[in-house]
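Okay, so here's the structure we're looking at.
Quick note: numbers below take in every heavy atom, side chains included, and nothing from hydrogens, waters or symmetry partners. Numbers restart at 1 for each chain; the letters A, B, ... are given by sequence-line order, proteins then strands.
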There are 2 protein chains.
Amino acid sequence: MTLDERKEKVLQAIIKDYISTAEPVGSRTIAKKYDLGVSPATIRNEMADLEELGYIEQPHTSAGRVPSERGYRYYVDCLMNKTRLNQEEERSILKGFSTKVQEIAAVLQLTNKIMSDFTSYTSMATGPNFKRSSLRHVQLVPLDHGKALVVLVTDNGMVQSKLIDLPNTINDVDLQKISQVMNAKLQGLNLEDIKQTLIREIYFELSKHRHFFDAAMDLIQETLNLNQEDKVYLAGALNMLNQPEFRDIHKVKTLLSLLEQDKVLKEILIESNTREDGVTVKIGGEHKVEGLQDCSTITATYQINGRVIGSVGVIGPTRMDYEKVVSIVEFMTRHLSQLMKDFYVR
Amino acid sequence: MTLDERKEKVLQAIIKDYISTAEPVGSRTIAKKYDLGVSPATIRNEMADLEELGYIEQPHTSAGRVPSERGYRYYVDCLMNKTRLNQEEERSILKGFSTKVQEIAAVLQLTNKIMSDFTSYTSMATGPNFKRSSLRHVQLVPLDHGKALVVLVTDNGMVQSKLIDLPNTINDVDLQKISQVMNAKLQGLNLEDIKQTLIREIYFELSKHRHFFDAAMDLIQETLNLNQEDKVYLAGALNMLNQPEFRDIHKVKTLLSLLEQDKVLKEILIESNTREDGVTVKIGGEHKVEGLQDCSTITATYQINGRVIGSVGVIGPTRMDYEKVVSIVEFMTRHLSQLMKDFYVR
DNA sequence: GTTAGCACTCTATCCTGTCGAGTGCTAAAC
DNA sequence: GTTTAGCACTCGACAGGATAGAGTGCTAAC
């Protein structure tokens, strides 16, 4: 379904105006502010058509028009200028990244902070999925008092460690041997494979210490489950309170409750994960999650070596500045992919 | 300043009623609901006195009375029953703790969750301060690719590790030797001391590797600074939205912005830290932090071996159910002190 | 010292009328 | 055939006024 040029112009004008004012847009306003070269009456006719086609809606008889979900969708798909940020803006954003951070979590938090600041909406991100990255090193470090530390290091530099109790039957030499066996068998494998297949093999070799080994393996599994990918980061949730559509305390509560749930955020971010590239825009009811009828999300994935490993996004009211946010999200993922290289040790 | 018995009863009735209804309380209401054995007219006289003394206030001429900060203070100090929770309630709370958790952070988060659920207010906690706990073990674990892992274990079971780059000049044997020296010199010392004094001593002994040692020491320092005590936990912030005093979106925003800042929470929690024992109640303007005029906080400390190491608290409107919250906070810290013993390995 | 009664005050609420923005329709102009 | 001007109409926002009700303070009687 495609609209003729003038209808497009009218729709675009309505959306732009509504995005900036949050007030229903009347025919006179458009005629005055946007130079279409026709009178309000003509615009009224066009608006009546657009309404019939479902692109705009009227809150009540004597009010102006407001874009419908369908209208926004048409705008995003066909009308919006997909511009890159200008030099000035890019530089300004990059300045935010000037403080060096060591940890992936910190990078994502910083990214979020910057995104929410620059968009004035709320932003979110998932940690990188390292299931496909490989184990560089596993080591059992003996401590006193019958305790030991299990240390996992992956090739992207992620380190996880955990304290465990040792059974009395195990001594330091055993521990070293177990370390060796585990390293020999597991090193270089990706984490997913470790979980799936190789457990049996080590089981056999370490049958003598099976009891202890069970505990250690549980631990590794647990550690892997606690992977970065399960972490979800959120920033600028309170920006939502600045939006006039959230003047109602109940709406605020519903929305913030949703945003508090990692599960919900993850679902939103993962939906976009399927796409290899580019930016995903979901508008209002297009979300699978209940309770986001009044919101739109703009998400995109970031990559390492061309492989998608996580995503970031912005959530705002359906009356969102799509053009600006798309540019920012797109730029952020590009930059994030760049940054992630530093964490991925070849 | 102490009030006569009947004035106390009237004040108590006003506060109890206002706490539960959030509406200004009239003389008739008190005469009907609270059995003082006198007529509304008499109560009106008492109320006029109480107002003159500053314990209650009148929003406008023809409205009932509302407790003032001073009224709440008198209530908390003199009128409130300091009861323990009953068996039923204690059991119900303990049930929440039935899921075993391994990490201190998780314990505090769980504590917060339970506190906010049971009080319907917002709860907060600081992580334990382990500056005075001692180092059990420090180890440099060599990995491939010129990297090593620095692992710190303290006597309370806290484990911190970090990946570092090794200079080319260092080999595995050196590393082991450095580990040994560090352990010999540092083991058993409390973390504060390590930071302060002993650095020079090791410097001398390891002068050959001074360059590397600087890096490792920086790291240890950094790790120590990242101590649990700096972490602040928060739960149930959205409960505030259920309070009628926060029907106004601007108030909500101001408050939630405050609660977002770790610095603010820490300040509130640390104020109470000075007290050895017992529960601290701060009402409205008594807070040092700006912007908490409409809130009260109830905080208490938890201990290990009789030493205060952290605190938890609840924040709600000044019209808060002090009696209930004090009991809960008090019980939580008692239980928390108990739980913490498990993390403190003798 | 306590209470009943009463006049008074103030807010919340409802109703009403007015204003203005915006529309849809029609007929005239292009 | 398309565009425009004109006009009647609709509806929400807002202000003003009337009303009800909760609560008070005061006074006089008990």
Side-chain angles (χ1 to χ4, degrees), chain A residues 3-11 13-18 20-68 71 244-245 247-248 319, chain B residues 3-11 13-18 20-68 71 244-245 247-248 319:
Chain A
L3 300 171
D4 68 57
E5 200 182 336
R6 198 169 62 191
K7 282 196 178 49
E8 284 194 345
K9 275 190 180 162
V10 172
L11 179 58
I14 291 173
I15 291 181
K16 285 205 168 168
D17 206 76
Y18 187 64
S20 66
T21 65
E23 296 291 330
V25 190
S27 53
R28 227 174 75 92
T29 313
I30 293 182
K32 248 199 302 188
K33 290 215 298 195
Y34 303 85
D35 197 23
L36 302 196
V38 292
S39 78
T42 310
I43 291 173
R44 278 206 288 283
N45 288 328
E46 296 289 21
M47 283 164 101
D49 291 350
L50 281 171
E51 183 165 6
E52 204 171 335
L53 293 168
Y55 293 100
I56 55 181
E57 289 164 351
Q58 213 171 5
H60 55 83
T61 336
S62 72
R65 302 306 213 289
V66 161
S68 68
E245 27 273 275
R247 241 176 285 144
D248 175 37
R319 185 190 60 78
Chain B
L3 300 172
D4 69 56
E5 201 182 334
R6 198 170 62 191
K7 282 197 178 49
E8 283 194 347
K9 274 190 180 161
V10 171
L11 179 58
I14 291 174
I15 291 181
K16 284 205 170 169
D17 206 76
Y18 187 63
S20 66
T21 65
E23 294 293 330
V25 189
S27 53
R28 226 175 76 90
T29 313
I30 292 182
K32 247 199 303 189
K33 291 214 298 195
Y34 303 85
D35 197 22
L36 303 195
V38 291
S39 77
T42 311
I43 291 173
R44 277 206 287 284
N45 287 329
E46 296 289 20
M47 283 164 101
D49 291 349
L50 282 171
E51 183 165 6
E52 204 171 334
L53 294 168
Y55 292 101
I56 55 180
E57 289 163 351
Q58 214 171 4
H60 56 84
T61 335
S62 73
R65 302 307 213 289
V66 161
S68 68
E245 27 272 277
R247 241 177 285 144
D248 174 37
R319 184 190 59 77

Identify all side-chain donor-acceptor contacts of residues 35-43 of chain A below 3.5 Å with residues at least two apart in sequence or on another chain.
{"from": "S39(A)", "atom 1": "OG", "to": "A41(A)", "atom 2": "N", "distance (Å)": "3.3"}
{"from": "S39(A)", "atom 1": "OG", "to": "T42(A)", "atom 2": "OG1", "distance (Å)": "3.4"}

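- Between the side chain of Q58(A) and the backbone N or O of A63(A), at least one donor-acceptor pair lies under 3.5 Å.
- Across the protein-nucleic acid pair, I43(A) atom CD1 and dA5(D) atom C1' stand 15 Å apart, rounded to whole Å.
- Residues passing the salt bridge (Lys or Arg N to Asp or Glu O under 4.0 Å) test with R247(A), sequence neighbours excluded: none.
- With sequence neighbours left out, E245(B) forms a salt bridge (Lys or Arg N to Asp or Glu O under 4.0 Å) with R319(B).
- Residue I30(B) contributes atom CD1, which lies 10 Å from atom P of dG23(D) at whole-angstrom precision.
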note = Heavy-atom contacts, protein to nucleotides 12-30 of chain C, under 4.0 Å, summarised as B (base), S (sugar-phosphate only) or - (none) per nt, yield ---------BSBB------
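- Listed by first and then second residue, the salt bridge (charged side-chain N to carboxylate O under 4.0 Å, His left out) pairs that reach into residues 38-48 of chain B are R6(B)-E46(B), K7(B)-E46(B), sequence neighbours excluded.
- When the salt bridge (Lys or Arg N to Asp or Glu O under 4.0 Å) test is applied to E8(A), no partner is found at least two apart in sequence or on another chain.
- One can place CG of D49(A) at 11 Å from P of dT3(D), the figure rounded to the nearest angstrom.
- Rounded to whole Å, the distance from CD on E23(B) to P on dA22(D) is 12 Å.
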